[in-house]
Amino acid sequence: QVQLVESGGGLVQAGGSLRLSCAASGRTFSTYTMGWFRQAPGKEREFVAAISRSGSGTYHADSVKGRFTITRDNAKNTVYLQMNSLRPEDTAVYYCAACSTFRTTVVLTTIAPYDYWGQGTQVTVSS
């Protein structure tokens with residue numbers, strides 16, 4: 001069982017930056033592939049980024065590539081999402097998720113393979 005707690009959300013002007021954190025409980029954090037998703041009002045939850053167990057492999061959605069960066073610190077049981085050049089369309093609740101089994105990159109962009117989810121943190125970008 002893994003519990004995930006996101007933090008770092010807030011209100012920021014367009015062009016600004018935020019860093020989200022997701023702290024995981026338990027001693028097996030390094031065995032999970034981690035992902036970030038977001039959900040805007042009235043829209044489906046969408047993939048943002050994923051990172052491999054060691055942190056050596058990352059994958060970002062085209063909509064955030066070059067602006068957002070996912071990283072992890074296994075010693076701190078934490079995954080991060082650095083968000084730069086924020087846009088109003090980035091406004092959403094951001095969720096981190098943990099996947100316990102090996103999956104291809106394509107599969108990791110979907111909700112299905114993730115076993116655990118956090119409660120989410122609100123990010124609002126004003127124009």
Side-chain angles (χ1 to χ4, degrees):
Q1 187 88 15
V2 175
Q3 291 185 327
L4 305 173
V5 179
E6 301 95 337
S7 62
L11 174 64
V12 64
Q13 288 188 331
S17 298
L18 283 174
R19 188 176 82 155
L20 305 184
S21 300
C22 173
S25 65
R27 299 181 179 181
T28 59
F29 177 72
S30 63
T31 67
Y32 291 89
T33 299
M34 299 299 295
W36 283 98
F37 287 75
R38 66 187 181 186
Q39 188 166 17
K43 294 187 177 181
E44 293 186 352
R45 194 168 297 189
E46 66 172 0
F47 171 77
V48 175
I51 188 166
S52 64
R53 298 172 183 181
S54 68
S56 60
T58 61
Y59 186 71
H60 298 79
D62 288 344
S63 59
V64 305
K65 201 169 293 183
R67 301 188 299 122
F68 292 11
T69 303
I70 187 172
T71 59
R72 68 189 295 164
D73 185 336
N74 285 343
K76 295 183 178 180
N77 282 13
T78 302
V79 61
Y80 305 96
L81 186 68
Q82 178 66 44
M83 305 187 296
N84 299 326
S85 302
L86 282 161
R87 304 167 180 169
E89 54 263 40
D90 295 319
T91 295
V93 177
Y94 283 71
Y95 300 89
C96 69
C99 175
S100 62
T101 53
F102 175 79
R103 292 288 187 264
T104 63
T105 300
V106 171
V107 173
L108 287 171
T109 66
T110 67
I111 295 174
Y114 293 89
D115 305 286
Y116 304 101
W117 292 82
Q119 292 300 307
T121 185
Q122 176 71 46
V123 172
T124 303
V125 184
S126 63
S127 58

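Note that the CD atom of Gln119 and the SG atom of Cys22 stand 11.0 Å from one another [nearest 0.5 Å]. The structure places CD of Glu6 at 4.0 Å from SG of Cys96, a figure rounded to the nearest 0.5 Å. In this structure, CD in Gln122 is found 7.0 Å from OG1 in Thr91, a value given to the nearest 0.5 Å. Taking CZ from Phe102 and OG1 from Thr33, the interatomic distance works out to 8.0 Å, rounded to the nearest 0.5 Å.
Checking side-chain atoms of His60 against main-chain N and O of Ile70 turns up a donor-acceptor pair under 3.5 Å. Distance alone, capped at 3.5 Å, places no donor-acceptor pair between the Ser56 side chain and the Ser54 backbone.
Side-chain contact check for Gln1 versus Tyr116: some heavy-atom pair is nearer than 4.5 Å. Between Val12 and Met83, the closest side-chain pair of non-hydrogen atoms is not below 4.5 Å.
Closest of all the heavy-atom pairs between Tyr114 and Leu108 is OH-O, 2.7 Å.
Ion pair Asp62/Lys65 flagged as a salt bridge, since at least one NZ, NE, NH1 or NH2 atom sits closer than 4.0 Å to an Asp/Glu carboxylate oxygen.
Checked against a 6.0 Å centroid threshold, the rings of Trp36 and Phe68 do not count as neighbours.
In summary, of the residues considered (Thr121, Val123, Asp90), a side chain to side chain contact (heavy atoms under 4.5 Å, CB included) with Arg38 occurs for Asp90 alone.
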